[in-house]
Amino acid sequence: CIVISPVLLAKNNDVDISGYVMIDHNQFDDTFLENDDDPDKTGIRRARLSFKTNIDENWKTKLQLGFADDSAEIKDAYLRYKGRQWADLTIGQQKEPFGLEKLTSSRNNMMMERSITSEALAPGRSIGANLSGDLSSITWQLGYFQPDETQSSSAVTGRLTWVPWQQNNNLVHLGFAFSERDLNGSEYRINEPLEVNFSDSLIEGTKLFAEDVSLKGVEFLWQQHGFTTTAEWQENKVTDINSEQYQYQGGYLQLSYQFSGENREYKKGEIDDIITPGWEITDRYSQFDLLEENNKVQTYTVGVNYTVNKNLKFMANYVKTKQVDNDSTINGITENGDAVLLRAQYTF
Amino acid sequence: CIVISPVLLAKNNDVDISGYVMIDHNQFDDTFLENDDDPDKTGIRRARLSFKTNIDENWKTKLQLGFADDSAEIKDAYLRYKGRQWADLTIGQQKEPFGLEKLTSSRNNMMMERSITSEALAPGRSIGANLSGDLSSITWQLGYFQPDETQSSSAVTGRLTWVPWQQNNNLVHLGFAFSERDLNGSEYRINEPLEVNFSDSLIEGTKLFAEDVSLKGVEFLWQQHGFTTTAEWQENKVTDINSEQYQYQGGYLQLSYQFSGENREYKKGEIDDIITPGWEITDRYSQFDLLEENNKVQTYTVGVNYTVNKNLKFMANYVKTKQVDNDSTINGITENGDAVLLRAQYTF
Amino acid sequence: CIVISPVLLAKNNDVDISGYVMIDHNQFDDTFLENDDDPDKTGIRRARLSFKTNIDENWKTKLQLGFADDSAEIKDAYLRYKGRQWADLTIGQQKEPFGLEKLTSSRNNMMMERSITSEALAPGRSIGANLSGDLSSITWQLGYFQPDETQSSSAVTGRLTWVPWQQNNNLVHLGFAFSERDLNGSEYRINEPLEVNFSDSLIEGTKLFAEDVSLKGVEFLWQQHGFTTTAEWQENKVTDINSEQYQYQGGYLQLSYQFSGENREYKKGEIDDIITPGWEITDRYSQFDLLEENNKVQTYTVGVNYTVNKNLKFMANYVKTKQVDNDSTINGITENGDAVLLRAQYTF
């Protein structure tokens with residue numbers, strides 16, 4: 001008389017289905033917009049479905065789909081082989097191993113939006129093959145990727161992290177990552193909003209046809225008794241098809257405190273879920289420089305998060321931005337802006 | 001030795017996955033088409049997947065995706081809080097509380113297509129926050145929504161229903177709903193087919209840039225011993241950016257009989273599933289008026305439904321339409337048309 | 001204390017969720033491209049999700065969705081009635097019963113890509129109603145379909161298979177199929193790549209507005225002790241709206257050997273999964289003729305597959321192609337090309 005789901009009897013392995021949805025409201029000044037649009041928007045920021053299986057003890061797979069209002073997109077689609085002690089091999093579409101904040105799932109980050117630098121410089125998802133291993137307090141990753149689907153391009157991306165001190169989730173983490181990218185003349189352009197997703201992409205670099213991109217990043221994380229300090233710095237150098245060079249760089253410093261006194265989970269060089277419910281206050285200074293364009297952006301954000309339980313979180317961020325454009329032709333323009341962001345996020 | 005699905009062991013809550021598919025055939029006169037196309041079409045009318053969870057006893061979530069031949073769309077994406085006795089709060093993308101037929105799931109309606117009035121005037125899904133409660137025989141809903149994603153727009157929509165008499169699913173229901181909509185100059189245009197989904201959208205209002213829309217609707221439902229009488233009337237008044245006013249109004253009267261003698265389930269002001277399998281015959285008169293455009297549409301539909309079980313239903317509708325265009329420049333044109341609609345619908 | 005998934009308690013039937021993902025790398029000569037693009041591409045070839053239910057002992061349903069990088073598509077969406085002994089009825093979007101290789105799921109084919117002929121001539125998925133039955137060693141299928149969604153078109157497609165000899169999965173299979181297609185002036189054009197999916201579609205027939213297409217195919221399969229011989233030949237005759245006729249024809253001969261000595265499963269006229277893990281070597285000669293265009297294509301492929309288990313397979317193909325264009329205006333051009341295809345495929 002035990003009823004067992006037919007999924008178990010089917011010849012297919014058990015599929016772990018999960019997902020999350022973020023519903024956001026953004027309110028911001030006109031200075032966040034290119035045209036005279038309306039400074040107010042509510043929308044679904046992300047809706048994701050994941051299908052994970054353990055084929056056997058050595059092989060795992062993941063398929064993650066992302067849905068927006070009228071489209072669907074493949075996010076992760078990879079196969080992971082864990083059969084060797086010294087390294088795991090991941091084949092398929094996955095995040096390139098670069099940048100602590102970029103590698104943290106968007107549902108676990110402390111701020112509602114990643115810093116401009118992480119969005120503008122860190123590579124994100126590509127198709128490729130990645131090796132990853134760990135040795136006591138050190139993790140390493142090295143992968144070969146195809147960054148641009150329409151072009152014969154390639155990238156070698158690697159990351160090294162070290163935890164010099166750890167007691168449970170109290171720890172210090174140091175990280176270094178690089179990416180050498182052969183873009184073969186693909187279009188390349190910095191084009192990001194000012195950490196306010198539903199606003200316009202105001203940070204605009206020169207439109208380049210890039211030959212090579214050389215990217216480096218350093219990471220620092222210290223979490224203890226609910227206090228967390230995170231900092232990253234990233235720099236890249238883009239060489240275009242006329243051998244001209246462009247440099248972009250930036251970083252952030254972020255502080256947060258969880259009133260429970262407990263920190264987020266930390267696993268093999270990456271930040272994972274909040275463990276205990278309750279309140280969290282957050283604070284971030286973020287900066288991004290477009291050196292050749294003589295353009296610089298700074299944002300300062302304070303936030304408060306309330307985690308009801310592992311499936312439900314509410315977030316609020318207040319963002320102040322400053323954009324300094326020293327382009328010689330316009331002789332120095334500074335624009336300031338304020339924005340309020342609200343989020344309801346559920347995980348299933 | 002009890003095998004339990006790993007979904008249960010995972011840190012995620014159990015996800016209730018369900019869905020439905022409608023496969024339709026429409027056959028119609030040339031008068032349903034704008035050009036000289038072909039009056040005959042078979043297609044997938046709707047394919048939906050839903051992911052529901054109970055985060056805990058107070059919080060519930062839903063994500064519903066709609067798939068068409070080559071696109072995906074987020075339908076519902078909301079979070080519901082049921083922790084207060086006097087009201088539930090629903091945050092996210094959801095149906096605005098307006099119109100009995102519009103609020104009934106398309107898989108439970110008596111006719112294959114909703115009436116023109118419900119499609120043209122009732123708001124449907126928006127992002128917002130909605131409060132809903134009930135008190136003995138009364139239900140109420142009041143919400144604040146963002147009707148247009150690309151514009152700073154807002155709507156306050158509310159609905160009140162009363163059941164003066166009820167014995168199980170035998171009951172009389174009265175409803176009233178309103179929506180005050182600030183569209184801030186968004187494009188607004190009535191553009192609907194004549195209750196034949198795969199035909200062209202022949203009902204065309206003036207293209208407006210709307211400042212405000214004021215919408216009202218009344219509902220009547222009486223179901224007893226398998227007989228059902230449903231009627232709705234809706235009116236709106238659109239004020240455009242030049243302060244000109246346009247009025248649209250319409251409604252329907254619908255009769256049906258289920259040979260089992262049992263009615264559909266009724267829950268908190270809404271119609272739900274058929275409970276008993278078997279045959280049902282249906283009948284609807286529907287009317288829609290574009291007052292300023294001097295244009296009027298009437299349809300008369302008879303139908304028969306066969307419910308095999310809770311997962312499977314077949315439907316057939318025969319539609320007669322009459323379109324009277326009294327626009328002064330064309331001095332009165334009347335067009336009649338006939339259509340046959342067939343559907344196979346399965347739910348899982 | 002037995003925990004049971006709430007899916008079981010829900011009013012919905014149990015849903016069998018499965019899926020598969022193919023991650024491909026294609027490397028090829030410039031001769032596979034129309035422009036001077038880059039002869040190298042890695043991508044997700046297919047990502048599929050299936051939702052199957054048994055409504056009751058007589059009714060089954062399937063919904064299969066296909067995801068590409070930024071879109072979703074309904075593949076299968078049908079309802080199957082198995083309540084009569086002499087035949088099953090399938091209503092909805094499904095594969096028309098034509099062509100052994102086309103009817104075999106892409107995750108079970110021996111070669112990474114189907115032959116040009118199967119892709120160019122076999123109808124694939126349409127909406128319609130199909131009857132299928134079997135009688136000892138014979139299977140038959142006959143269906144009525146709508147091949148073109150935007151046009152009033154229709155097709156009658158049928159298939160007959162016979163297994164003159166069978167011992168378990170050792171067997172000889174003969175098949176014949178036809179399709180009579182009334183396309184009502186729809187655009188018709190042969191446009192296929194040379195069995196290298198990420199390359200350009202170089203095989204280009206005349207652009208026709210087709211009135212009728214008459215299609216025939218024969219199939220041969222012999223599998224024994226791990227050896228498999230497959231051959232198909234297909235011919236069609238297209239009559240355009242000016243009553244001009246165009247003929248296209250082609251086929252393939254394919255050999256393979258599984259080192260386990262076991263063959264694929266065979267069910268009611270179709271090839272199914274590999275049963276035993278291990279290595280397989282494959283070999284195919286494929287040919288396609290555009291008679292009126294005086295254009296002919298030949299490919300020769302060798303491959304090796306490694307099946308880790310029922311959920312995981314790796315494939316490699318080496319393709320040599322020869323394209324002979326005898327169009328009178330260009331007086332005979334022959335182009336040769338080479339390509340290497342790699343695939344990692346997982347099923348869940």
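Chain letters run A, B, ... following the sequence lines, proteins first, then strands; residues in each count from 1.
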Tell me if the CG atom of A:Asn168 is crowded by more than 12 foreign heavy atoms within 6.0 Å.
no
Using non-hydrogen atoms and a 4.5 Å limit, figure out which bit of B:Lys60 sits close to chain A: side chain, backbone, both or neither.
neither
For the CD1 atom of A:Ile23 and the OH atom of B:Tyr78, what is their distance to the nearest 0.5 Å?
11.0 Å
Grab the two heavy atoms, one from A:Ile44 and one from B:Gln93, that are nearest each other, plus how far apart they are.
CD1-OE1, 3.6 Å
In Å, rounded to the nearest 0.5 Å, how long is the span from CG of A:Asn311 to CH2 of B:Trp59?
11.5 Å
So A:Phe314 and B:Leu79, side chain to side chain contact (heavy atoms under 4.5 Å, CB included) or not? Walk me through it.
CA-CA 11 Å; A:Phe314 295 93; B:Leu79 186 63; 4.0 Å; yes
For the atom pair CG (B:Leu63) and CZ (A:Arg48), what is the distance rounded to the nearest 0.5 Å?
12.5 Å
Could you give the distance from OH (B:Tyr81) to CG (A:Leu312), rounded to the nearest 0.5 Å?
10.5 Å
Using the rule given for side chain to side chain contact (heavy atoms under 4.5 Å, CB included), can you reason through B:Ile74 versus A:Val21, listing the C-alpha separation, both sets of side-chain angles and the distance that settles it, and then say yes or no?
CA-CA 11 Å; B:Ile74 297 174; A:Val21 174; over 6 Å; no
Chain A contact via B:Phe67 - which portion, at a heavy-atom distance below 4.5 Å
side chain
Can you tell me how far the CD1 atom of B:Ile17 sits from the CZ atom of A:Phe348, to the nearest 0.5 Å?
8.0 Å
Quick one: pull up CG in B:Asn184 and CG in A:Asp40 and give me the separation to the nearest 0.5 Å.
9.5 Å
